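Shown next, in structure tokens, is the structure this report addresses.
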Amino acid sequence: MKMISVVVPVYNEEKGIKNFLDKMLIPALAKVKYKVELILVDDGSKDKTLEILNSYETKAVSTVKVIALSRNFGKEVALAAGLREAEGDAVLTIDADGQQPPEIIPKFIAKWEEGSDIVTGVRDQYTKHGLIPKLGSKLFYWMLHLMGNNSTVSGSTDFRLIDRAVVDEYNSLTEHNRITRGLIDWLGFDVAYVEYTYGARLAGKPSYNFSKLFHLAIDSFISMSTTPLVIFGYLGALISVLSFILGVFCIINQYILDDPLHLYWNGSVQMAIFITFLVGLLMVSQYITALYISHIHAETQNRPLFVVNKKKSKNLKKK
Ligand code: UDP
Ligand code: MG
């Protein structure tokens, strides 16, 4: 029989985790018609979370694994640890705070059965609480799209089901600065979406505060795209070209046409135009240097050159 692995990253959730498992996750998993292994990843919690996880028992799933990370590595890494341990034919990842409703897990599984390799939960637009988070997430996706990443659907979350084929590819990626959703998008494969309403936390506080989210956003941009660089490069080129044209125009006006426009062509003006021209050149040369760095960055990420969708291919040699 096929098996589904359910990976839950858990960090300082002693107040809510028992409720989440007993009242939300387990009842939902009990209805799944496949074998289920539950993988609880304790991300170096400082409270009683790990003890609660280790003493947790249930007959509704076939195994409960607990991974205890030695310290807090962050949710992205906790997910990676869980994905590496997972043995199922598909892996579902879900938050431990009850904000992602387990009762819609059957929808994920149904899409997987229909042949999708990745099923991503998309949170409906208006459920983020507070103006700043709302605007922040809007801005994030807007910028992501602006930078040429069109594959990340606005509002997509880490509530996700991934087929074994994709999990294996994901596990083979070696880079350390991981943004799970960006990597999964990069891998490709057939993606389906399930929309859900983001609930309130069962207990405790979200550990992602503004500054953590801000860093996450910056990391996403930098690891996925070089567009910010390109913008400055183009801007520099534009500045140089415009100041060059202006310079030529002034010289013709002054020395060939004998100043019919009565421009005040003196040393400071010449200097200003020349410096602007140089600033533009500097921006371009910085852009070129940065391009080299970004190439080095891409090499050190060490991603595979391509990813093959084995299900859709034919007669390949066995490895
Ligand atoms: N989490 C984690 N490590 C961390 C921070 C959070 O494993 O360093 C877990 C947390 O226990 C929860 C999930 O990741 O299960 C989402 O965290 P949170 O609710 O703080 O984030 P948000 O809901 O704002 O995305
Ligand atoms: Mg949360």
Side-chain angles (χ1 to χ4, degrees), residues 5-26 28-29 38-54 56 65-86 91-102 104-105 120-141 152 154-160 176-182 184 196-217 219-220:
S5 306
V6 177
V7 172
V8 191
V10 198
Y11 178 58
N12 290 351
E13 303 277 6
E14 64 175 4
K15 291 209 187 77
I17 185 68
K18 191 95 177 40
N19 263 340
F20 170 70
L21 293 171
D22 284 340
K23 301 217 173 89
M24 297 177 79
L25 189 60
I26 294 297
L29 295 182
L38 180 59
I39 302 175
L40 304 166
V41 187
D42 175 67
D43 186 15
S45 297
K46 294 177 185 75
D47 58 8
K48 297 223 156 52
T49 301
L50 182 58
E51 289 163 44
I52 299 173
L53 297 185
N54 266 321
Y56 190 77
K65 294 178 174 175
V66 177
I67 305 177
L69 296 183
S70 59
R71 64 166 169 87
N72 181 240
F73 283 91
K75 177 182 164 183
E76 304 293 330
V77 177
L79 282 177
L83 282 170
R84 206 160 287 180
E85 181 59 42
V91 182
L92 182 107
T93 56
I94 182 168
D95 281 358
D97 56 9
Q99 292 190 283
Q100 303 170 340
I104 63 164
I105 288 176
T120 297
V122 179
R123 134 170 99 188
D124 59 19
Q125 295 295 318
Y126 301 101
T127 43
K128 260 220 173 195
H129 305 289
L131 189 65
I132 304 252
K134 239 188 228 169
L135 283 180
S137 102
K138 276 251 159 63
L139 190 70
F140 174 76
Y141 285 105
T152 306
S154 156
S156 52
T157 58
D158 286 326
F159 189 10
R160 187 189 286 113
H176 283 128
N177 215 332
R178 278 170 183 265
I179 305 295
T180 318
R181 64 182 92 149
I184 302 252
Y196 70 95
T197 305
Y198 204 56
R201 264 184 159 269
L202 283 176
K205 280 204 262 338
S207 44
Y208 277 97
N209 53 23
F210 181 75
S211 101
K212 257 192 180 172
L213 281 175
F214 185 73
H215 284 283
L216 195 70
D219 274 353
S220 308

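When a ligand or atom number is given, it counts from 1 through the structure's own listing order. Please read these numbers as outputs of a predicted model, since none were measured by experiment.
- A distance-only check finds a donor-acceptor pair linking the side chain of D43 to the backbone of G74 [under 3.5 Å].
- Close contacts of ligand 1 with N72, meaning ligand atoms under 4.0 Å from a residue heavy atom, involve 3 (N), 4 (C), 8 (O).
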Audit row: V6, I94, side chain to side chain contact (heavy atoms under 4.5 Å, CB included) steps and yes/no = CA-CA 7 Å; V6 177; I94 182 168; 4.1 Å; yes
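- Taking each of F73, Y11, Y198 in turn, the one with a heavy atom nearest to atom 22 (P) of ligand 1 proves to be Y198.
- Of all the atoms in ligand 1, the ones that sit under 4.0 Å from a non-hydrogen atom of V10 are 7 (O), 11 (O).
- Other residues, nucleotides and ligands contribute over 12 non-hydrogen atoms within 6.0 Å of the NZ atom of K46.
- Contact annotation: for E13 versus ligand 1, heavy atoms closer than 4.0 Å belong to the side chain alone.
- Counting the atoms of ligand 1 from 1 in the order shown, those under 4.0 Å from a heavy atom of D97 are 18 (P), 19 (O), 23 (O).
- Across every non-hydrogen atom of I67 and A81, the tightest pair is CD1-O, 3.7 Å.
- D97 lies close to the Mg ion (ligand 2), since one of its N, O or S atoms is found at a distance under 2.8 Å.
- In this structure, the separation between CG on D158 and CG on L79 is 5.5 Å, given to the nearest 0.5 Å.
- Between the Mg ion (ligand 2) and Q100 there is no N/O/S contact shorter than 2.8 Å.
- With T49 contributing its side chain and E13 its backbone, the two residues share a donor-acceptor pair below 3.5 Å.
- At most 12 non-hydrogen atoms from other residues, nucleotides or ligands lie less than 6.0 angstrom from NZ of K15.
- Residue contacts with ligand 1 do not include F20, since none of its heavy atoms lies under 4.0 Å from the ligand.
- An N or O contact shorter than 3.5 Å is missing between A78 and ligand 1 by distance.
- For the residues D43, I17, T93, the heavy atom positioned nearest atom 3 (N) of ligand 1 is part of D43.
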